[in-house]
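Here's the structure we're looking at; comments come further down.
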Amino acid sequence: MPELPEVETIAASLRRKAVGLEIAGIELYFPGLLRGDAAQLEKYRGKKITGVLRRGKMLLIACGEGLHLLFHLKMTGGFHWARKGTPRDAHTRLRIAFKNLDRDLLFRDVRKFGFLRCLETAFPLAGAELRPLGPEPLELDGRDFPSLLAGRKGRLKSLLLDQRFLAGIGNIYADEILFEARLHPLTVPSSLKVKETARLWAAVQNVLKKAIAAGGSSIRDYKDTDGMDGLFQNEHRVYGRKGRPCPRCGAKVRRLVIGGRSSFFCPRCQRPRGRRPSKGTSPSN
DNA sequence: GCCACTGTTAGCAT
DNA sequence: CATGCTAACAGTGG
């Protein structure tokens with residue numbers, strides 16, 4: 001589910017509605033969610049939420065005294081508020097109750113890929129989960145972008161999905177970025193010309209900013225913290241649009257499997273150039 | 001029922 | 001090291 005724009009939307013919402021609340025207790029319904037010792041959760045009782053950060057696709061809830069809750073939502077994780085006493089459904093993995101509040105914050109995750117790590121450090125960004133991440137795409141200086149592509153031999157689509165390259169881009173936004181930049185997903189990154197690199201950088205910025213402004217993309221599971229859908233799916237130009245006309249030239253959008261991921265692109269606007277032989281299968285639908 | 005597909009990435013192979 | 005494929009899980013749709 002959540003890529004950078006969705007996690008940013010969730011973080012902003014929690015920042016507005018959860019900062020300042022005092023944690024009354026945390027209930028863990030699915031032990032597999034927690035990386036680490038369940039006893040750590042006890043330390044959060046009585047702590048106030050002091051801030052909410054996003055790093056790549058990860059969400060960091062700061063609770064003072066160096067205590068942080070680090071969530072990765074993976075494919076289907078998400079938060080929502082529920083009245084105290086509302087029965088949890090089968091996919092609710094965690095509940096956070098607050099002092100003097102009649103609503104709890106619930107974490108749901110159908111596929112159970114998500115995780116929670118309790119960090120007890122003033123420098124959570126240096127931890128094992130966050131340290132390997134590449135730069136934040138919306139904070140990086142564009143002048144530093146070209147060097148990130150130097151010597152990269154794989155496929156551009158796969159590189160965009162590599163969180164050590166840039167943090168936060170997932171399958172939807174990789175395809176939308178490549179379309180906007182008019183670059184074929186199989187392009188060899190190190191072969192990009194100066195102008196193509198500039199187009200790619202601009203596309204990264206534009207697509208992510210527009211998606212955040214729209215509250216992210218809701219394809220099937222994603223809802224924000226208040227149960228609202230994002231709107232950016234209405235602006236998708238290639239993702240999930242196989243066989244439909246390219247909004248730029250009218251050619252039929254094609255689908256390739258690259259690195260096991262569906263990849264949608266316009267065969268006319270995104271010409272194969274500097275491309276390596278496709279190892280992707282040719283899906284029949 | 002079976003098969004393909006899904007917004008992620010850790011872990012393993014090459 | 002860099003790159004590529006797949007399994008982990010649960011649900012949906014053809």
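In what follows, chains carry the letters A, B, and so on, assigned in the order in which the sequence lines appear, proteins first and then strands, with residues in each chain numbered from 1. In what follows, every heavy atom counts, from backbone to side chain, and hydrogens, waters and symmetry copies are set aside.
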Nucleotide [N], atom [atom2] - distance to [atom1] of [X] in whole Å:
X      : N      : atom1 : atom2 : value
A:L160 : C:dT3  : CG    : C1'   : 15 Å
A:N171 : B:dT9  : CG    : P     : 11 Å
A:H91  : C:dT12 : NE2   : C1'   : 12 Å
A:F165 : C:dT3  : CZ    : P     : 11 Å
A:L161 : C:dT3  : CG    : C1'   : 13 Å
A:L186 : C:dT3  : CG    : P     : 15 Å
A:L130 : B:dT9  : CG    : P     : 12 Å
A:R241 : B:dC5  : CZ    : P     : 20 Å

Distance check: side-chain N/O of [X] vs OP1/OP2 of [N], anything under 4.0 Å?
X      : N     : result
A:K74  : C:dC9 : no
A:Q163 : B:dT8 : no
A:T76  : C:dC9 : no

Which one, [options], comes nearest to the side chain of [X]?
X      : options               : answer
A:F113 : B:dT8, C:dT3, C:dA10  : B:dT8
A:R255 : C:dT3, B:dT9, B:dT6   : B:dT6
A:E3   : C:dT3, B:dT8, B:dT6   : B:dT8
A:R155 : B:dT8, C:dC9, C:dG4   : C:dG4
A:K112 : B:dA10, B:dT8, C:dA10 : C:dA10
A:V110 : B:dT9, C:dC9, C:dG11  : C:dG11
A:H72  : B:dT8, C:dT3, B:dT6   : B:dT8

When both distances are under 3.5 Å in a Watson-Crick or G-U wobble arrangement, the nucleotide paired with B:dC12 is C:dG4

Say we look at B:dC12 and C:dC9: how far apart would their P atoms be, to the nearest angstrom? 15 Å

Measure from the side-chain N and O atoms of [X] to the backbone N and O of [Y], and report whether any donor-acceptor pair falls under 3.5 Å.
X      : Y      : value
A:R93  : A:D109 : yes
A:R95  : A:L106 : no
A:D89  : A:T92  : yes
A:S218 : A:G230 : yes

Of A:R111 and A:F115, the one whose nearest nucleotide on DNA chain B sits closer to the 5' end is A:R111

Here the pair of heavy atoms bringing A:K157 nearest to A:S263 is NZ-OG, 2.7 Å

Checking A:Y239, A:F265, A:F264, A:F179 against A:V253 for side chain to side chain contact (heavy atoms under 4.5 Å, CB included), the one that qualifies is A:F264

- Could you tell me whether the side chain of A:R261 has a donor or acceptor atom within less than 3.5 Å of a complementary atom in the base of B:dT8? no

* Asked: Heavy atoms under 4.0 Å, any strand shown: does A:Y173 hit a base, just sugar-phosphate, or nothing?
  -> nothing

